[in-house]
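Down below is the structure, laid out as structure tokens.
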Amino acid sequence: MRCPRASGRTLSALLAIASLAVAASLSAAGGNLRKTVVISPELKVVLGEGDEVALSARPLPGEGVDAFVQRLTESPKAKREIFAQNAGARLLRKDVFVSVPYGLLSESYRKIAMGALFPDDRADASGWNHRVAALAGKPESLWRIAEWFTGKGANYREIREVGPIASLQTEAGQVVRIPTALLSPAFRGEVEAAAAMPPMPLEFGKDEKGRYALYRLRRGEALYSAVVVRFTGRVHAEDVNAKAAEIAERSGIADVHAIPVGFPVRIPVEDLVAEFKPANDPARIEEEKAKLEAAQFANRVRAADLSGVTFVLDAGHGGRDTGARVAGVEEARYVYDLACRVERLLARHTKARVVATVRGGAPCGGRNSDPGDFRTARVMTTPPYPIEDPAAGVNFRWYLANSVLRSAEANGGSEEKTVFVSLHADSLHPAVRGSMVYVPGEKFLKGSFEKSGEIYAARREVREAPRVSFSRKERIKAEGLSRDFAEKIVAAFRAADLPLHAFAPIRAYVIRGGRQWVPAILRYNRIPARVLLEVCNLNNPEDRKLLVTRSYREKVARSLVSALVEF
Ligand SMILES: [Zn+2]
């Protein structure tokens, strides 16, 4: 099979010609609408009745029949079929177009045909986005879309499931996403290129307000996501909007929704996340050093069936604390269900010991059950804590986690074989989507901390060890091991085509309202490998739709379990 990358140059040259020379026409022949796009004097693509696609081609100067068939199909065997379909034509004449059905075309020509018919389609890091065009009068079917981009019409089911797409009937303008794993090689190559495209280097300059980084917007990029979210790390709506307004003003942008491609946008250097600061910036140097140092502590424990591993599984919120609530979707309900799914999969497929930090009044349901009752959830300290106050609910969880670690160590386990995950769903700027993993940034773990008061003193886990502090080595080790685990989670999610935060899916701190910190559940937790997983952004409608489906939650649970096994 031809490598799609190797043919990239020819292909993009052809597509450039296509976009210049395309002359589209609709014709009504015998009442059947057809669409023809002329790509070059020798090449047309035709969309016929029932959305049959064919290329119509003439030989290049001096090209014989075998070379012609080879060029378009990469398969000499296609010759008979092509000529059988062209009214018995046996000879190639330079003035007669020969029709080649889509199914016989080579990968490169398939991409050319689709590029000519559907110029609004886009590849991004997570797949191919087909915009339903209804070229021949009625919207193209999911079956056809699956056939064109994956080679198999029956794949429409999976496309529908990951969409998720409610109706079998598509509508003009609807975007159908085809996940990377299903795509045939030519389209997958484009997705991989989009994912690997490094961000444009920033130039640095100075104006009356101080130093700035200059970024030129690319086609299809918006100020919110491509600039503010990517370069300043802000994700909460109020932060993103405020910073976008500030950057727009400084850059002389009158309308943030109509910024021309290539427009120079000025981002204050002090707002850049460390990795985008100038190479000699002390904050960037410090962060790179910290990351390198932490990388020494990558996990070296291997236990494929997870025997001897203790997994502390924390469903965020619960009880009276619903967590984020958007359009009737409550965070606590779905992350509780997700935790149940993870626990079931671990019990079935591994020998890990699972300790759930919270439990509801009713037992967890199975794979096909709806989310259980999170309102009766209590933190499983001794005695349990019915979650009345969200902050106390969080504190009891990390006290419990620390107690689990102590008893694991006392029973011959090691801290390397204890892992902690807290499950949440975020409510961020609607332009942000996908999962994010928080790890404890070393520099935010300094100092010591303890809680006092009656409700705390009443619980064994607090009395055992009320105060928490970390040595420098413990802080670095925690960041290193947690990053290692977070990378496995990101890799597993990527492999399963689950949406991930586009620019920085792993984060060592929260940025909000001009402050930076590590969430308390990680901040005071002594289990070295500990992450907080935000499974989606509830303010993003696509993410929200996914979270309420069982299939998405089951897929997230499976990916988390495989990340744990990898780790
Ligand atoms: Zn939460």
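Computed over heavy atoms, backbone and side chain alike; hydrogens, waters and symmetry mates excluded. Remember, it's 1-based here, ligands and their atoms both numbered in the order they're listed.
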For residues Asp271 and Thr232, is any side-chain donor paired with an opposing acceptor at under 3.5 Å?
-> no
Aromatic rings Trp398 and Tyr524: how do their planes relate, parallel, tilted or perpendicular, breaks at 30° and 60°?
-> tilted
By salt bridge (charged side-chain N to carboxylate O under 4.0 Å, His left out) - contacts of Arg526 (at least two apart) | Glu474
Keeping to residues at least two apart or across chains, list the salt bridge (Lys or Arg N to Asp or Glu O under 4.0 Å) pairs with something in residues 326-338.
-> Arg325-Glu330, Glu330-Arg333, Glu330-Arg375, Asp337-Arg341, Asp337-Arg553
Hey, could you give me each pair passing salt bridge (Lys or Arg N to Asp or Glu O under 4.0 Å) that has a residue in residues 303-313? Not counting sequence neighbours.
-> Asp305-Lys351
With side chain to side chain donor-acceptor pair (under 3.5 Å) as the test, would you mind laying out the steps for Glu461 and Thr382 before giving the verdict?
-> CA-CA 7 Å; Glu461 291 77 5; Thr382 324; 2.8 Å; yes
Shell check on the Zn ion (ligand 1): protein N, O or S atoms less than 2.8 Å away are His317 NE2, Glu331 OE2, His424 ND1
